[in-house]
Amino acid sequence: MRLAEGDLEKRKAEIELLASEMKAAEEALKSKEQRVSELEQILASKDSAMNALRSKVSEALLGFQGNGLTVSTKNGNVYVSLEERLLFESGSTVVDAKGVDALKNLAKVLEKETDISVTIEGHTDNVPIKSATIKDNWDLSVLRATSILRIITSNSKVDPKRLTAAGRGEFMPIDKANTPEARKKNRRTEIILTPNLDEL
């Protein structure tokens, strides 16, 4: 009888331990589900903010779209892609008048959207540049990016700390074909607007 009582006590302890472990597992699962739900809400909020930003940028640049300018979202960022013809003469780093107008309109949006980081990427084709002052396509792409950065900062109150100028040269082509049409597509500037993800 004592042995049966001992077994019973042992079984009772095992059941209590299992119940305790199950309760802890349920609480951990509930906590994880809550965290997943919070992250989903944050991501949905970021997506909504990105779509709103894309709409604002598209609206600000309405007159330029279809004329060498596109606005899209990719990887949680808004991309403003400007063909060379909208901004620069061939081989030049000086932004022309219509390009300055487009950049001023964009700067007004960036001024209000203070939680966005801005990367300006210059891209070229693969034809070597012939210039006494510009060393190569990489040099040209960086100088174009800094020209655009200066237009944004001199025509708005956008904090320069939020801006990065980068040159990609010919190394990130949209179209790898070695044709005039492909080279035209590759000569562009991309302005990448990235949300602050500190909340994540």
Side-chain angles (χ1 to χ4, degrees), residues 1-61 65 69-82 106-123 138 141-142 145-146 148-149 152-153 156-177 185-186 188-200:
M1 189 66 100
R2 279 182 189 170
L3 219 97
E5 280 176 21
D7 283 349
L8 195 62
E9 288 300 319
K10 189 179 173 188
R11 288 283 167 90
K12 190 177 172 187
E14 285 172 356
I15 289 167
E16 283 173 1
L17 180 64
L18 282 170
S20 171
E21 285 172 352
M22 189 180 282
K23 188 179 177 185
E26 282 171 359
E27 284 172 4
L29 183 61
K30 190 177 176 183
S31 174
K32 281 180 184 172
E33 284 172 350
Q34 187 178 344
R35 185 69 185 134
V36 166
S37 176
E38 286 170 10
L39 287 170
E40 283 173 348
Q41 286 173 358
I42 290 167
L43 289 171
S45 168
K46 291 294 179 192
D47 283 348
S48 173
M50 278 295 93
N51 289 331
L53 177 63
R54 190 186 72 179
S55 294
K56 287 175 192 172
V57 170
S58 293
E59 197 176 305
L61 300 172
Q65 291 188 53
L69 184 145
T70 58
V71 180
S72 61
T73 50
K74 187 170 60 175
N75 304 325
N77 300 320
V78 173
Y79 281 73
V80 181
S81 187
L82 305 107
L106 178 61
K108 287 175 192 168
V109 175
L110 299 179
E111 202 171 53
K112 292 173 189 166
E113 298 292 328
T114 56
D115 219 21
I116 301 292
S117 295
V118 183
T119 303
I120 302 154
E121 282 188 353
H123 296 263
W138 218 328
S141 65
V142 173
T146 53
I148 290 166
L149 183 146
I152 291 171
T153 55
S156 70
K157 292 177 184 160
V158 175
D159 185 349
K161 289 180 200 164
R162 294 171 47 206
L163 302 171
T164 302
R168 297 285 196 165
E170 69 240 43
F171 303 105
M172 289 190 73
I174 292 173
D175 191 334
K176 292 182 180 177
K185 284 184 206 170
N186 296 334
R188 70 199 187 280
T189 301
E190 291 186 343
I191 300 174
I192 305 160
L193 311 179
T194 305
N196 182 344
L197 294 176
D198 287 352
E199 202 175 343
L200 284 172

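This chain uses plain numbering: 1 for the first residue, then up along the sequence.
- Distance alone, capped at 3.5 Å, places no donor-acceptor pair between the Thr164 side chain and the Thr119 backbone.
- The heavy-atom pair separating Ala165 from Thr146 by the smallest distance is CB-CG2, 3.7 Å.
- The closest donor-acceptor contact from the side chain of Arg162 to the backbone of Ile116 lies under 3.5 Å.
- The CG atom of Asp159 sits 12.0 Å away from the CG atom of Leu110 when rounded to the nearest 0.5 Å.
- The nearest pair of heavy atoms linking Gly122 to Ser141 is O-CB, 3.3 Å.
- Across Met50 and Gly76, no two heavy atoms sit closer than the pair SD-O, 3.2 Å.
- Distance CG/Leu106 to CG/Leu82: 8.0 Å, rounded to 0.5 Å.
- Side-chain N or O atoms of Ser31 include none that pairs as donor or acceptor with a backbone N or O of Glu27 at under 3.5 Å.
- Sequence neighbours left out, not one pair with a member in residues 10-20 passes side chain to side chain donor-acceptor pair (under 3.5 Å).
- In this structure, the side chains of Val57 and Leu193 come closer than 4.5 Å at one or more pairs of heavy atoms.
- Contact of the Ile152 side chain with the Ile120 side chain is registered, since non-hydrogen atoms from C-beta on lie closer than 4.5 Å.
- The OG atom of Ser45 lies 9.0 Å from the CD atom of Gln41; values are rounded to the nearest 0.5 Å.
- In this structure, the side chain of Ser37 does not engage the main chain of Glu33 through any donor-acceptor pair within 3.5 Å.
- Within the 4.5 Å cutoff, the side chain of Leu53 has heavy atoms near those of the Val109 side chain.
- Listed by chain and residue number, Arg188 satisfy the salt bridge (charged side-chain N to carboxylate O under 4.0 Å, His left out) test with Glu190 (two or more places apart in sequence, or in another chain).
- Taking NZ of Lys32 as the start and CG of Leu29 as the end, the distance is 7.5 Å to the nearest 0.5 Å.
- The side-chain hydrogen bond (donor to acceptor under 3.5 Å, both in side chains) check on Asn77 picks up Thr194, with sequence neighbours excluded.
- Applying the side-chain hydrogen bond (donor to acceptor under 3.5 Å, both in side chains) rule to Glu59 yields no partners; only residues at least two apart in sequence or on another chain are considered.
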Next item on the list: Check the pair Asn186, His123 against side-chain contact (heavy atoms from CB on, under 4.5 Å), reporting the backbone distance first and the verdict last.
Entry: CA-CA 7 Å; Asn186 296 334; His123 296 263; over 6 Å; no
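- The line from CG of Leu69 to CG of Leu61 is 5.0 Å long, rounded to the nearest 0.5 Å.
- Listed by chain and number, the residues in a salt bridge (charged side-chain N to carboxylate O under 4.0 Å, His left out) with Asp175 are Lys185 (sequence neighbours excluded).
- For residues 111-122, every residue pair satisfying the salt bridge (charged side-chain N to carboxylate O under 4.0 Å, His left out) rule, not counting sequence neighbours, is listed here: Lys56-Glu113, Glu121-Arg168.
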